[in-house]
Asks: 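Here's a structure for you.
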2 protein chains.
Amino acid sequence: MILEKKKMFNDFSASKGLRSTRQRDIILDIFLSTHQHVSVEELYLKIKSSNPGIGHATVYRTLKLFTEAGLAREILLHDGQTRYEHVVKGEHHDHLVCTGCNSIIEFEDETIEKLQEEVAARHGFLIKNHKMEIYGLCANCRR
Amino acid sequence: MILEKKKMFNDFSASKGLRSTRQRDIILDIFLSTHQHVSVEELYLKIKSSNPGIGHATVYRTLKLFTEAGLAREILLHDGQTRYEHVVKGEHHDHLVCTGCNSIIEFEDETIEKLQEEVAARHGFLIKNHKMEIYGLCANCRR
DNA sequence: CTTACAACTGAAATTGAATATCAAAAGCAT
DNA sequence: ATGCTTTTGATATTCAATTTCAGTTGTAAG
């Protein structure tokens with residue numbers, strides 16, 4: 001699966017005439033090794049610890065490339081930190097965000113996805129992607 | 001409906017021991033007179049034109065209060081501008097966001113809402129609110 | 001009505017994420 | 001190796017949003 005993603009990025013790079021660089025390889029490796037929903041800062045620090053040379057801007061730029069390449073997705077929560085999650089082909093999940101402890105639970109619901117398609121069709125709308133976040137309290141924080 | 005919202009805010013203010021000020025009244029009036037999805041900047045300018053004295057910070061602060069009071073809701077799109085939409089009690093709508101022309105189409109779907117409740121229940125999660133945005137191309141931009 | 005005090009405001013400063021700039025470095029086709 | 005172009009990273013910049021703080025205003029009590 002990791003190899004598959006690397007291939008995805010190589011293909012994307014080739015199709016866009018982008019070059020293969022040490023930095024992008026490292027950032028991709030580390031991104032793929034992180035949990036879901038890494039904030040840019042978090043990823044940057046992780047990268048920095050093993051590769052002090054890599055700059056802030058490069059991490060931002062590269063994450064945008066990953067997004068374009070279809071292997072990451074930007075998610076905006078309400079804390080002013082942009083996060084990136086891993087895109088798994090043919091799979092989409094949404095989020096339960098706990099406002100108590102900031103934990104994120106993922107879920108998938110095919111019926112919801114289908115209904116979204118229907119709504120879009122009704123408006124002549126062509127879906128590129130979507131996101132859904134449900135805010136509230138997780139089981140732990142309810143007590 | 002406008003009166004109802006003003007009452008909501010008065011009740012909220014009273015319960016929180018907040019004071020009633022000229023600025024808050026004005027900002028509420030103008031907020032209620034705007035279309036859905038006003039960006040803070042847009043609202044600020046509108047306010048400024050009839051009430052030059054009112055400051056940036058006050059608009060931000062007051063919109064946060066409206067959100068707490070339950071009559072506005074923050075929405076984050078991907079353009080770095082926080083927007084506020086009007087909350088209508090007992091009604092929830094979601095958004096089709098056109099990446100071509102930035103227009104926003106609202107929709108409601110009760111079945112989706114129900115499914116969300118089910119998902120949440122399955123995880124022992126207590127829903128406070130949620131948002132769903134579907135990105136893509138509107139009927140116009142598809143041509 | 002006055003007083004007293006806490007809440008509120010607004011100008012300005014500050015923060016912090018994200019982007020732009022640009023000279024130096026590194027890929028890559030020839 | 002050469003020459004051209006992309007990429008990088010330090011730095012500066014941008015811009016939304018928040019904080020600060022002295023002055024103002026609402027309001028409850030006297």
Asks: Please give me the minimum heavy-atom distance between B:His56 and B:Tyr44, naming the atom from each residue.
Replies: N-CE1, 3.4 Å
Asks: Can you tell whether the side chains of A:Lys6 and A:Asp29 come within less than 4.0 Å, N to carboxylate O?
Replies: yes
Asks: Please report whether the ring centroid of B:His95 lies less than 6.0 Å from that of B:His37.
Replies: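 Under 6.0 Å, so yes.
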Asks: Can you measure B:His78 atom NE2 to D:dA16 atom P for me and round it to whole angstrom units?
Replies: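 Going from B:His78 (NE2) to D:dA16 (P), I get 17 Å.
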Asks: How sharply is the helix from C:dC1-D:dG30 to C:dT30-D:dA1 bent, taking the axes over five pairs at either end and rounding to 10 degrees?
Replies: 40°
Asks: Let me check something: any side-chain donor-acceptor pairs from residues 17-24 of chain A under 3.5 Å, sequence neighbours excluded? List them with distances.
Replies:
{"unit_1": "A:Thr21", "atom_1": "OG1", "unit_2": "A:Arg24", "atom_2": "N", "d": "3.2"}
{"unit_1": "A:Arg24", "atom_1": "NH1", "unit_2": "A:Arg19", "atom_2": "O", "d": "2.9"}

Asks: Under a 3.5 Å cutoff, is there a donor and acceptor pairing between the side chains of B:Gln116 and B:His130?
Replies: yes
Asks: Would you indicate, yes or no, if D:dT18 has its OP1 or OP2 atom less than 4.0 angstrom from a side-chain nitrogen or oxygen of B:Lys64?
Replies: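 True: B:Lys64 side-chain N/O within range (under 4.0 Å) of D:dT18 OP1/OP2.
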Asks: How many Å lie between NE2 on A:His56 and P on C:dT21, as a whole number?
Replies: 18 Å
Asks: When every nucleotide of nucleotides 2-8 of chain D is labelled 5' to 3' by its protein contacts under 4.0 Å (heavy atoms), B for base, S for sugar-phosphate only, - for none, what sequence of letters results?
Replies: ---BBSB
Asks: Centroid separation under 6.0 Å, is that true for the rings of B:Phe9 and B:Phe66?
Replies: yes
Asks: Want to settle it: does A:Ala57 or A:Gln81 sit nearer the 5' end of DNA chain C, counting the closest nucleotide to each?
Replies: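 The residue whose closest nucleotide sits nearer the 5' end is A:Gln81.
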Asks: Would you say A:Tyr60 reaches C:dT19's phosphate, i.e. side-chain N/O to OP1/OP2 under 4.0 Å?
Replies: no
